[in-house]
Structure formats: C-alpha cells, structure tokens
Amino acid sequence: MVTTRQEEKEQRGGVDAKHAPLLIPVQVPTWISFVIIGMVLGTYWVSFKIAPLAFVDLGEKSSMSGFEGAVDVARKGAFPNYITAAIPCFLLMIGAEMVIMLFVKLPSSGGKKQTYWRAIVVKYVLADAWSSLSAGVVQQLVTTLVLKPAAIYTLPYEMIHQALAVRFGLALPIESPWTWIGALVLCDLAYYWLHRLAHEINILWAGHSVHHSSDHYNLATALRQSWFQGVAAPLYYLPMAIFFPTPVYMAMHQANIVSQFWIHTCLVRRLGPAEWILMTPSHHRVHHDRRVHKNFGGMFIIWDRMFGSFLDEEDAVSVIRENVSKTDVGEKVQEEVLLFGTRQNPTTWTEAVTQTMFWQPIVSAIQKGASLRDICRAALVGPGYSTAGSKRTLVVPSFTSVRIRSSSNLHPGGKAYVLFHFLLGVVVGFLVLIAKDGPWSLRCAAALYVIYTFYCHGKLLDCCVTARMTELTRCVAASIAMIWLSVPSSSFAPDVSDALAMTPIRYLLYILCAVHATSSLVLLGCPRAFAEGGSAHSKTD
C-alpha cells in the first residue's frame with residue numbers, strides 16, 4: 001500500500017510540517033558503548049583463541065591456540081574458521097542488544113515509528129530479526145556445503161600463488177606476524193572495491209542488496225547476507241596470491257568479515273579519533289541509508305577517504321544542532337538522521353523471494369525484449385553508479401519520511417511458534433557447520449530441512465492462506481523422516497549408517513520427531529494462532 005502525503009499527515013494526527021516537533025540528536029548513555037565494545041573485544045579474543053583448536057577448514061586442528069595455533073594450522077595447508085568460532089558470540093551480542101533496548105528504551109533502537117508525533121521505541125521486531133538471521137544461516141550453509149567443496153575460494157587463488165609467488169620466490173613467510181597483518185589490511189582493501197562495485201553495478205547489487213533490505217539497523221542486520229554474493233567475491237582477492245599463502249589469505253579474509261559485525265548498531269555513537277581510521281557504527285549507519293551509497297570499507301574508513309566515497313554522519317547531526325540552537329519552542333524528539341533499508345521495499349518475508357527480488361529489473365528487461373543497450377544498462381548501472389564517488393549531502397529526513405515500512409501480520413501465537421522452530425533450525429544448522437567429518441549427503445539433507453523450514457515460516461509470517469497447511473505437511477513429513485532415519489537400514493551408505501548410529505544423533509532424531517509431531521497437533525488444534533492478528537505487512541514508501 002502506498003500512502004499519500006495527506007494520508008501520512010492524518011496518520012500523524014493531522015500535524016503539518018510547521019507544527020512538527022523539533023528534531024534533536026540521539027543521545028545514548030556512554031556506558032552502553034563500553035558494554036558493546038567490551039563484548040566486541042571478547043568476541044575477537046574468543047574466536048582468535050579457539051578457532052585453531054576447534055574450527056579448522058581443509059585440515060587438522062591444532063593443539064595450540066591463538067596466533068601460534070593459526071600458524072601451526074596454516075603450515076599444514078589448512079586455516080582457522082574464525083566466522084564459525086564467532087557465531088555463538090554473535091548470538092549472545094544480539095541477545096545483549098535486545099536486553100539493552102528493552103530496558104533503556106532508546107529511540108535509536110533500529111529506527112523509530114511515529115504515531116501522532118509521539119515517539120514509540122522500536123525494539124527488535126521478530127519478523128525482521130528472523131529474516132536477517134535466517135538469511136545468515138542459509139548463507140553459511142550454502143558456503144559450507146557448496147562453495148567450499150567447489151573450491152572457488154581456494155583453487156584459483158592457490159593456482160596463482162603456485163605459479164607466481166612460489167615459482168619466483170615472492171611468497172611471504174607464514175611464521176611472520178607481519179604477513180598476517182599485511183594480509184588483513186589488503187583483505188580490507190579488496191573488500192572495499194568488492195563492496196563499492198556491488199553498489200555501482202546492478203548485477204552485483206542484485207545479490208548484495210539483500211543485506212540492505214531491512215528498515216531496522218541492529219546487530220541482527222549484520223547477519224542478513226546474500227546467498228549469491230559469495231560466488232563472485234573471491235575474484236577481488238586474487239591479486240593477493242602474488243605474495244600471501246592461501247591459508248593466510250583465507251584466515252584473514254574471515255577475520256575481516258568477523259570484524260564487520262559490531263558496526264551494525266545504533267547503540268554506539270561517535271568514537272573520537274577512531275572515526276578517522278576505523279569503520280565505526282557511525283560511518284556504517286551512513287552506508288545503510290537508502291538515499292546514499294557511501295562508506296564501503298570493512299574494517300577501515302581510510303579507503304573511503306582516499307578514493308572519494310566518504311560521507312560523515314556528523315554532517316546531518318550538525319544541521320540538527322544548528323536548528324536546535326535557533327529555536328527552543330515546541331516538543332523535542334530524538335531521532336536518527338538516517339533512513340535505513342532499500343528504495344525497493346520487500347513485500348514478503350519469504351526468504352527465497354527477498355533473495356531474488358532485486359534481480360527483477362534485469363530479468364524484466366530481457367523478458368520484454370529490450371534493446372541490448374537497455375539490457376546492459378539494467379545489468380550494469382546500479383543505485384550507487386553516480387553517487388559513490390560524487391559529492392553528496394546527508395539530508396535530515398523530512399517529517400513525512402516513513403522509517404519502518406514493514407511488519408508481519410501474524411498472530412503473536414504464530415510468531416512464538418516461528419521463533420521456537422527458528423531456534424531449533426539454528427541448532428541443526430550449526431551442527432551441520434561444525435560436523436565437517438560427517439557424510440556430505442547427510443549434512444545436505446539437514447541443510448535442506450533447515451532451508452525448507454525457513455521457507456514455510458516465511459509463508460506463515462506473510463499470512464499466506466495456504467501457509468498453515470504447508471507447515472502441517474512439513475511437520476508430518478519431518479516426523480516420518482525422523483522415524484525412518486532412526487531405524488537402522490542396509491539401504492543407507494555405510495558412512496551415513498555409522499553417523500545415524502551415533503547416540504547424540506539418535507537422540508536428536510527422537511527430539512525432532514517429538515517436536516514435529518507436537519507441532520502438527522498445534523497446527524490442527526489452534527488455527528487461530530496462525531491467522532492475522534497484528535499490523536499488516538505493507539509498503540508505504
């Protein structure tokens with residue numbers, strides 16, 4: 001639904017622009033920044049220490065932790081998986097952010113909806129957080145089960161490294177800390193250009209835009225990842241193969257990704273001199289504004305300052321302060337100076353649709369038989385094509401701007417059901433990620449179970465008329481499948497039979513069978529819980 005200016009005025013109680021309240025900068029207690037940064041440093045320390053001990057790709061784990069463990073693993077041709085090691089910490093930080101938002105009641109908590117110009121604090125919204133986290137889970141499953149076995153991250157890189165670095169003696173020593181530090185810095189430079197081009201070129205934006213599609217800005221948004229961007233991403237890191245060994249590159253690439261999690265929050269404001277060097281929450285909030293395409297660095301903001309793509313949040317905040325200094329009349333309202341999300345607002349919670357909807361302009365141009373020039377324009381000219389390197393001004397949003405455009409209409413009981421099964425899916429998904437020695441076919445089957453579960457629950461959040469019956473069919477089929485898998489059979493491959501015979505797996509199958517059988521009864525006995533019962537999912541921008 002698209003609202004007119006008059007309708008928006010009526011939704012705000014008939015208040016016109018000249019009677020709008022005075023916008024003032026968001027103020028967050030300093031102690032919250034210390035809490036968030038403390039958790040960030042704890043996440044880095046935990047993942048850095050335990051990854052070589054417990055989470056290693058393409059080789060054996062080390063008996064040592066930290067840098068010594070990483071070097072030990074790299075010597076064997078493997079690398080520590082810092083992303084998997086950090087996932088539990090990510091979830092704990094999301095939980096902590098939820099608690100802080102709940103008790104402190106900050107207007108900066110992911111943006112703010114307004115009714116009659118009275119601030120309503122928007123905390124975590126289940127449907128939006130579910131969409132972000134489910135996208136992240138599926139992206140990790142696709143990477144682990146498809147992209148890594150296909151060796152698209154390592155094979156081309158290793159071929160170049162052997163042909164140039166090893167052959168001509170250019171390879172840097174694995175044992176040197178400077179090799180790892182240099183790789184980390186250059187990974188961020190490569191990420192800058194990957195990220196910038198993903199905004200400037202539409203065929204790349206079609207994949208990356210999923211990350212920007214939330215109207216909220218919180219730590220869960222960090223995990224809202226594209227299923228497809230990982231296919232092209234390795235190309236940007238290939239120049240590093242001239243000097244850096246493959247294990248060092250892979251480890252530092254993952255460390256670079258881990259470092260980008262914490263910048264997706266409104267609870268940390270300005271960080272003083274660090275704003276000149278590091279990518280901070282302030283700089284990345286600008287990046288997620290749907291009106292501009294700036295600030296593309298991962299760990300560092302220096303690349304944006306060097307290549308002309310920097311824009312400072314303080315530019316808009318200073319305008320607010322100037323307005324406040326001119327008048328002291330009327331109601332004062334704290335508000336973010338940014339509008340998060342994308343211009344094309346998703347109208348569904350079904351993840352398969354949100355992951356592919358931004359390809360529509362390119363596909364549509366081909367289907368309509370457009371000229372080659374128009375097809376190329378649709379594929380190549382992205383939303384940041386003319387803005388990334390040009391001078392932009394961060395304008396304070398008008399009072400008619402609608403910040404939170406989407407919510408789910410599902411009854412609270414249905415949302416509780418989705419939340420429970422989501423947590424179950426996260427557990428199964430994490431087991432798939434860490435069971436690297438398990439049968440690939442069995443891990444794929446578990447991943448498909450998780451992906452289809454998320455698909456069905458997207459339909460539930462959309463309040464699709466067939467969603468309850470689709471979910472009932474899924475639960476019945478899952479119960480039967482769990483019983484079948486728990487019974488020993490000669491039809492299974494030997495490695496699958498051995499895995500299913502393990503006591504923890506057997507008990508997990510029993511639990512999943514009981515959960516889905518119970519869920520089937522809930523779906524049959526409580527149809528009202530899966531009907532509409534909240535604010536409709538609508539498009540209003």
Side-chain angles (χ1 to χ4, degrees), residues 26 28-52 54-55 65-67 70 80-104 106 108-110 123-124 129 132-133 136 140 180-181 184-185 187-188 191-192 195 211 214 216-225 251-288 295-304 313 340 430:
V26 171
V28 179
T30 305
W31 67 266
I32 294 179
S33 295
F34 283 107
V35 169
I36 298 293
I37 293 173
M39 289 189 295
V40 169
L41 296 177
T43 298
Y44 293 166
W45 185 86
V46 168
S47 59
F48 177 69
K49 285 290 186 180
I50 70 170
F55 305 100
S65 64
F67 179 69
N81 191 325
Y82 293 116
I83 293 178
T84 303
I87 287 175
C89 295
F90 289 166
L91 298 179
L92 288 174
M93 288 183 64
I94 290 172
E97 187 182 45
M98 287 182 181
V99 172
I100 292 173
M101 289 179 176
L102 181 64
F103 288 101
V104 180
L106 295 170
S108 59
S109 302
K123 309 174 185 66
Y124 267 77
S132 295
L133 295 174
Q140 282 297 300
W180 295 72
I181 294 172
L184 182 63
V185 173
C187 273
D188 199 65
Y191 177 82
Y192 168 84
H195 198 182
H211 177 64
S214 173
H216 297 259
Y217 191 77
N218 49 46
L219 292 176
T221 307
L223 304 184
R224 183 185 286 248
Q225 298 295 325
M252 291 299 92
H253 170 58
Q254 296 214 8
N256 181 267
I257 298 301
V258 170
S259 73
Q260 298 175 35
F261 174 76
W262 77 284
I263 58 179
H264 295 83
T265 184
C266 290
L267 298 185
V268 178
R269 307 311 291 183
R270 302 289 286 187
L271 294 177
E275 303 284 346
W276 283 94
I277 301 172
L278 299 178
M279 176 61 71
T280 63
S282 175
H283 296 326
H284 205 62
R285 282 193 292 269
V286 173
H287 176 71
H288 273 256
N295 300 0
F296 303 106
M299 286 187 71
F300 304 110
I301 197 64
I302 54 176
W303 317 120
D304 292 282
E313 182 183 43
F340 303 123
F430 190 69

**Asked** Taking it one step at a time, do Gln140 and Gln225 satisfy side-chain contact (heavy atoms from CB on, under 4.5 Å)?
**Response** CA-CA 9 Å; Gln140 282 297 300; Gln225 298 295 325; over 6 Å; no

**Candidate pair Ser259 and Tyr44, rule side-chain contact (heavy atoms from CB on, under 4.5 Å), full reasoning** = CA-CA 8 Å; Ser259 73; Tyr44 293 166; 3.7 Å; yes

**Request:** Would you sort out whether Tyr217 and His284 count as a side-chain contact (heavy atoms from CB on, under 4.5 Å), showing the intermediate values?
**Result:** CA-CA 10 Å; Tyr217 191 77; His284 205 62; 3.2 Å; yes

**Asked** Leu267 and Val35: side-chain contact (heavy atoms from CB on, under 4.5 Å), yes or no, with the steps?
**Response** CA-CA 10 Å; Leu267 298 185; Val35 169; over 6 Å; no

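Relative ring orientation between His211 and His288 is described as perpendicular, the plane-to-plane angle rising above 60° on a 0-90° scale split at 30° and 60°. Below 30°, between 30° and 60°, or above 60°: for Phe300 and Trp303 the angle between ring planes is above 60°, a perpendicular geometry.
Scanning both residues, Trp262 and Met279, for their nearest heavy atoms gives CZ2-O, 4.0 Å. Scanning all heavy atoms of the two residues, the minimum distance from Asn256 to Leu184 falls at N-CD1, 4.0 Å. For the residue pair Ile263 and Gln260, the shortest heavy atom distance occurs at CG1-O, 3.0 Å. Residues Tyr82 and Phe48 come closest through the heavy atom pair CE2-CA, 3.8 Å. A pairwise comparison of heavy atoms in Ala220 and Ser132 identifies O-CB, 3.2 Å as the closest pair. Looking at every heavy atom in both residues, Phe55 comes nearest to Ala85 through CD1-CB, 3.6 Å.
Atoms CZ and CG, on Phe90 and Leu133 in that order, are 11.5 Å from each other to the nearest 0.5 Å. Note: Tyr124 OH to Glu97 CD = 3.5 Å, rounded to the nearest 0.5 Å. Note that CG of Asp188 is 9.0 Å distant from CD1 of Ile257, once rounded to the nearest 0.5 Å. In this structure, Asn81 CG and Ile87 CD1 are separated by 7.5 Å, a value rounded to the nearest 0.5 Å. A distance of 6.5 Å separates CZ in Phe340 from CZ in Arg285, rounded to the nearest 0.5 Å. We find the CZ-OG distance between Arg224 and Ser214 to be 4.5 Å, quoted to the nearest 0.5 Å.
Under the 4.5 Å side-chain criterion, counting only non-hydrogen atoms from C-beta, Met93 is in contact with Val40. Put simply, the side chain of Leu278 does not reach to within 4.5 Å of the side chain of Leu271, judged on heavy atoms. Side-chain contact between Ile94 and Met98 is present, with heavy atoms from C-beta onward closer than 4.5 Å. For the pair Arg269 and Cys266, the minimum side-chain heavy-atom distance is below 4.5 Å.
With sequence neighbours excluded, the residues forming a ring pair (Phe, Tyr, Trp, His ring centres under 6.0 Å) with Phe67 are Trp180, listed by chain and number. Remark: Ala222 engages Phe261, His264 in a side-chain contact (heavy atoms from CB on, under 4.5 Å) (not counting sequence neighbours).
Of the possible polar contacts, none joining the His253 side chain to the Cys187 backbone as a donor-acceptor pair under 3.5 Å is found.
Heavy-atom contacts from other residues, nucleotides or ligands closer than 6.0 Å to CD1 of Ile277 number 12 or fewer.
Residues Asp304 and Asn295 have side chains that never bring a donor and an acceptor to within less than 3.5 angstrom of each other.
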